[in-house]
Amino acid sequence: MADEKFETLDIPMNEVFSWSEDKTPLRDALWNHFMEASNKDTLSTLKHLKAFEKMSSDEVKTEAAKVLQ
């Protein structure tokens, strides 16, 4: 069985959040956000995304909404 939190990261944003019409997978949206926020610092972006990999599905949704909304 696949890990639910990783599945959440691969779902399009418009399926995760009622406020989004974006069809970008959540993982990619987070990547793009953190790359912009860190002035294209890949290591910093990876550090942020690794934190999401340790969260439950609900935590992923909550924390992603905080940075993407």
Side-chain angles (χ1 to χ4, degrees):
M1 181 171 143
D3 195 331
E4 181 183 336
K5 61 189 169 194
F6 293 124
E7 288 177 5
T8 301
L9 289 170
D10 295 326
I11 297 172
M13 284 197 34
N14 65 337
E15 293 180 25
V16 177
F17 304 114
S18 60
W19 49 262
S20 178
E21 295 181 9
D22 192 345
K23 294 182 181 177
T24 302
L26 184 55
R27 179 188 314 273
D28 294 346
L30 288 166
W31 177 268
N32 295 339
H33 169 78
F34 288 121
M35 281 295 277
E36 279 299 313
S38 69
N39 199 27
K40 309 251 187 272
D41 181 342
T42 304
L43 293 178
S44 175
T45 299
L46 285 171
K47 181 180 168 185
H48 285 289
L49 288 180
K50 289 262 185 219
F52 281 89
E53 293 178 353
K54 296 175 184 173
M55 298 177 191
S56 71
S57 181
D58 288 338
E59 290 171 323
V60 166
K61 291 175 188 177
T62 300
E63 294 303 313
K66 288 179 185 176
V67 297
L68 297 175
Q69 200 169 25

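Here, residue 1 is the first one in the sequence, and each next residue gets the next number.
Closest approach of Phe17 and Ala64 over heavy atoms only: CZ-CB, 3.9 Å. Residues Lys23 and Pro12 come closest through the heavy atom pair O-CB, 3.5 Å.
A heavy-atom distance below 4.5 Å is found between the side chains of Leu26 and Leu68.
Going from atom CG of Leu43 over to atom CG of Leu46 covers 6.5 Å, rounded to the nearest 0.5 Å.
Annotation: side-chain hydrogen bond (donor to acceptor under 3.5 Å, both in side chains) contacts of Ser44 (sequence neighbours excluded): none. Partners of Lys66 by salt bridge (charged side-chain N to carboxylate O under 4.0 Å, His left out), not counting sequence neighbours, listed by chain and number: Glu63.
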Working for side chain to side chain contact (heavy atoms under 4.5 Å, CB included), residues Arg27 and Glu53
CA-CA 10 Å; Arg27 179 188 314 273; Glu53 293 178 353; 4.1 Å; yes
Output side-chain donor-acceptor pairs under 3.5 Å for residues 29-38, partner residues at least two apart or in another chain, one line each.
{"from": "Asn32", "atom 1": "ND2", "to": "Asp28", "atom 2": "O", "distance (Å)": "3.3"}
{"from": "Glu36", "atom 1": "OE2", "to": "Lys40", "atom 2": "NZ", "distance (Å)": "2.7"}
{"from": "Ser38", "atom 1": "OG", "to": "Phe34", "atom 2": "O", "distance (Å)": "2.9"}
{"from": "Ser38", "atom 1": "OG", "to": "Met35", "atom 2": "O", "distance (Å)": "3.4"}
{"from": "Ser38", "atom 1": "OG", "to": "Asp41", "atom 2": "N", "distance (Å)": "3.1"}
{"from": "Ser38", "atom 1": "OG", "to": "Asp41", "atom 2": "O", "distance (Å)": "3.3"}
{"from": "Ser38", "atom 1": "OG", "to": "Thr45", "atom 2": "OG1", "distance (Å)": "3.4"}

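Between Thr24 and Asp22, the side chains place a donor N or O and an acceptor N or O closer than 3.5 Å (distance only, hydrogens not considered).
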